[in-house]
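Since the structure comes first, as C-alpha cells, the remarks are kept for the end.
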Amino acid sequence: MPELPEVEVTRRSFAAAIENATVQAVQLGKPLRWPLGCLPEQLLGRCVRSVGRRGKYLLLQLDQGVLLLHLGMSGSLRFAPVLPAAGVHDHFDLVTSQGILRLHDPRRFGAVVYVDNLAAPMAHKLLGRLGPEPLGDAFELAGFQAQLKRHQMAIKSVLLAGEAVVGVGNIYASEALFQAGIRPTVSAARLSRPRVARLHAAIVKVLDQAVTLGGSTLRDFSSASGQAGYFQLQTMVYGRAGLPCHVCASPVRLIKQGQRATFYCVTCQKS
DNA sequence: AGATGTCCCTGGAAGC
DNA sequence: TGCTTCCAGGGACATC
C-alpha cells in the first residue's frame, strides 16, 4: 500500500519528464473514490507546470488549476510515451504531448480531483487539515509535542489521524513506534518530552530511509517509469505477528486499534 | 469539542 | 475442488 515514501518515489520518477507537457486527451475508466470535479474536456490544452506532493497526495500543477492524485491503497502510476490499451483496472489516462500518465488501481480507493483555485490549492478541503510534512522543516519537535498533548487517544491512532504529522500510514506508524521503544497503546498526551523527541526522530528516520530505498513497503510497487525491484526494507514488526523480534527475540504481538492492525514488541516497547 | 464507528472496493488468503 | 467469508488499507463522514 502506497504510503508517503512510495508516493514520493512515484513523484520523483516522472516529475521531470512530464514538466511542460500539454494535455491532449483525458480518458476515464470506472469511477474512483471521488468525481473528477470538472469535465475532462476542460483539461485539454492545459500545461503541466510541476508535480508536487502534500502528504499522500500528488499535486499536478497546471497552468490553470491543480490535479490532485491519490493512490489509495492499491493505486500506481505509469508515465510512458506509449502504453498498451487501458485494462479493466486502468481508471485514468492523462494523454500529454510528452507521454501518457496512467492511474492503475484495482480497488479504486484512489482518486483524481481537479481543483480550480490556483492561488490557494492547499485550502481545498482535502488538503486543508493536513499536518506538517514529516520530511520538511515544518515538522519541528515543539509543535509535534504540542499536538500530541491535545489528544488522550493511543499514540498509534494519533499518528494515523494525520494532524500531528501527515503521511505516516499503518506500516510506518508501527515501525516508528518500535524504533522509539514506545508502546502503541500509550496515550499521546502522556508521553514525556524525551520520548516524544525519540518518536519525532524515529518518524523522520524511518520515512527518510524508505524514500532512499525507493518505497519499500509494497511488494509489487514500481515507480511511474515502470522500474521495479523495490521491497528492500525489512520491517522490524509490521506483518511479523508471532515471529521473533529482530532485537530481543520475543514474539511480535498483533492487536487491533481502531479496526487496524498494530504490531509491537512487548519487551522492546514496554510503555 | 473529541473520540469512535462505518463505509467505500476488490484481490487474495483462509476457512469450511 | 469449490464455495463463502474475511481481511487489508486511507480518509470522509456520521454518530455517539
Side-chain angles (χ1 to χ4, degrees), chain A residues 1-8 10-11 28-37 53-59 68-77 86-92 103-113 115 122-134 146-177 184-190 203 207 210 215-222 231 233 235 237-243 252 254-263:
Chain A
M1 46 302 309
E3 295 199 19
L4 186 145
E6 288 78 11
V7 176
E8 176 61 19
T10 297
R11 189 191 70 80
L28 302 178
K30 290 184 187 172
L32 291 162
R33 179 166 189 163
W34 299 301
L36 180 58
R53 180 186 59 76
R54 185 73 179 91
K56 295 172 189 170
Y57 291 93
L58 287 173
L59 279 61
L68 306 183
L69 279 77
H70 199 294
L71 302 180
M73 62 173 290
S74 59
S76 60
L77 288 176
V88 286
H89 298 311
D90 298 326
H91 306 303
F92 181 81
L103 175 65
H104 174 89
D105 187 3
R107 297 186 198 176
R108 293 194 280 134
F109 264 44
V112 182
V113 177
V115 180
M122 291 301 181
H124 190 270
K125 63 175 181 177
L126 292 173
L127 304 176
R129 286 189 211 138
L130 297 183
E133 285 290 327
Q147 279 291 330
L148 297 191
K149 275 275 174 280
R150 294 180 54 232
H151 298 283
Q152 309 301 316
M153 275 192 298
I155 179 62
K156 159 82 180 324
S157 302
V158 173
L159 289 179
L160 287 186
E163 258 185 274
V165 60
V166 75
V168 179
N170 208 35
I171 296 170
Y172 293 112
S174 281
E175 291 299 306
L177 285 166
T185 51
V186 172
S187 163
R190 296 175 73 87
I203 289 169
L207 292 179
S216 39
T217 54
L218 194 64
R219 273 164 220 282
D220 55 356
F221 176 71
S222 61
F231 198 63
L233 182 80
T235 61
V237 285
Y238 185 86
R240 302 194 63 249
L243 297 174
V252 171
L254 166 62
I255 60 171
K256 286 267 183 181
Q257 288 180 291
Q259 341 284 77
R260 284 195 166 77
T262 299
F263 300 85

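Predicted, not measured: the structure shown is a model, and the values here were computed from it.
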Please give, in whole Å, the distance from [N] [atom2] to [X] [atom1]?
X         : N      : atom1 : atom2 : result
Glu163(A) : dT4(B) : CD    : C1'   : 15 Å
Leu254(A) : dC7(C) : CG    : C1'   : 12 Å
Asp105(A) : dA8(C) : CG    : P     : 19 Å

Could you list the residues that satisfy side-chain contact (heavy atoms from CB on, under 4.5 Å) with [X], not counting sequence neighbours?
X         : value
Arg33(A)  : Ala111(A)
Ala189(A) : Gln152(A), Ser187(A)
Ala154(A) : Ser157(A), Gln257(A)
His104(A) : Ser76(A), His89(A), Asp90(A), Pro106(A)

*Using the salt bridge (charged side-chain N to carboxylate O under 4.0 Å, His left out) rule, collect all pairs that involve residues 148-157 of chain A, keeping only residues at least two apart or in two chains.*
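Listed once each, the pairs are Arg150(A)-Glu163(A).
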
_Using every non-hydrogen atom in the two residues, find where Ala210(A) and Tyr172(A) come nearest and quote the distance to one decimal._
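Of all heavy-atom pairs spanning Ala210(A) and Tyr172(A), the closest is CB-OH, 3.2 Å.
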
_Qualifying residues under ring pair (Phe, Tyr, Trp, His ring centres under 6.0 Å), relative to Phe92(A), sequence neighbours excluded_ =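 Phe92(A) satisfies ring pair (Phe, Tyr, Trp, His ring centres under 6.0 Å) with no residue once adjacent residues are dropped.
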
*Could you list the residues that satisfy side chain to side chain donor-acceptor pair (under 3.5 Å) with Glu133(A), not counting sequence neighbours?*
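Once residues adjacent in sequence are excluded, the partners of Glu133(A) under the side chain to side chain donor-acceptor pair (under 3.5 Å) criterion are Arg53(A), Arg54(A).
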
*asked:* Let's see if you can work this out: which of dG11(C), dG2(B), dA8(C) has an atom nearest to the side-chain heavy atoms of Ala261(A)?
replied: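 Selected nucleotide: dA8(C).
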
*asked:* Once salt bridge (Lys or Arg N to Asp or Glu O under 4.0 Å) is applied, do any residues pair with Arg11(A), and if so which ones, sequence neighbours excluded?
replied: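 Salt bridge (Lys or Arg N to Asp or Glu O under 4.0 Å) check on Arg11(A) returns Glu8(A).
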
_By salt bridge (Lys or Arg N to Asp or Glu O under 4.0 Å) - contacts of Arg190(A) (at least two apart)_ =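 Once residues adjacent in sequence are excluded, Arg190(A) has no partner under the salt bridge (Lys or Arg N to Asp or Glu O under 4.0 Å) criterion.
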
*asked:* Please report the end-to-end axis angle for the helix from dG2(B)-dC16(C) to dC16(B)-dG2(C), five pairs per end, rounded to 10 degrees.
replied: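 What I find for the helix from dG2(B)-dC16(C) to dC16(B)-dG2(C) is an axis angle of 60°.
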
Could you list all N or O pairs between the protein and nucleotides 4-6 of chain C that sit under 3.5 Å apart?
none

_For nucleotides 5-10 of chain B, give me one character per nucleotide, 5' to 3': B if any protein heavy atom sits under 4.0 Å from the base, S if the only such contacts are to the sugar-phosphate, - if neither._
-B-BBB

*Are His151(A) and dG2(B) close enough that a side-chain N or O sits under 4.0 Å from OP1 or OP2?*
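No, His151(A) has no side-chain N/O under 4.0 Å of OP1/OP2 on dG2(B).
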
*Think Lys256(A) has a side-chain N or O under 4.0 angstrom from the OP1 or OP2 of dT4(B)?*
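False: Lys256(A) side-chain N/O out of range (4.0 Å or more) of dT4(B) OP1/OP2.
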
*Answer yes or no: is there a side-chain heavy-atom contact under 4.5 Å between Leu58(A) and Leu77(A)?*
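Heavy-atom side-chain distance check passes, below 4.5 Å.
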
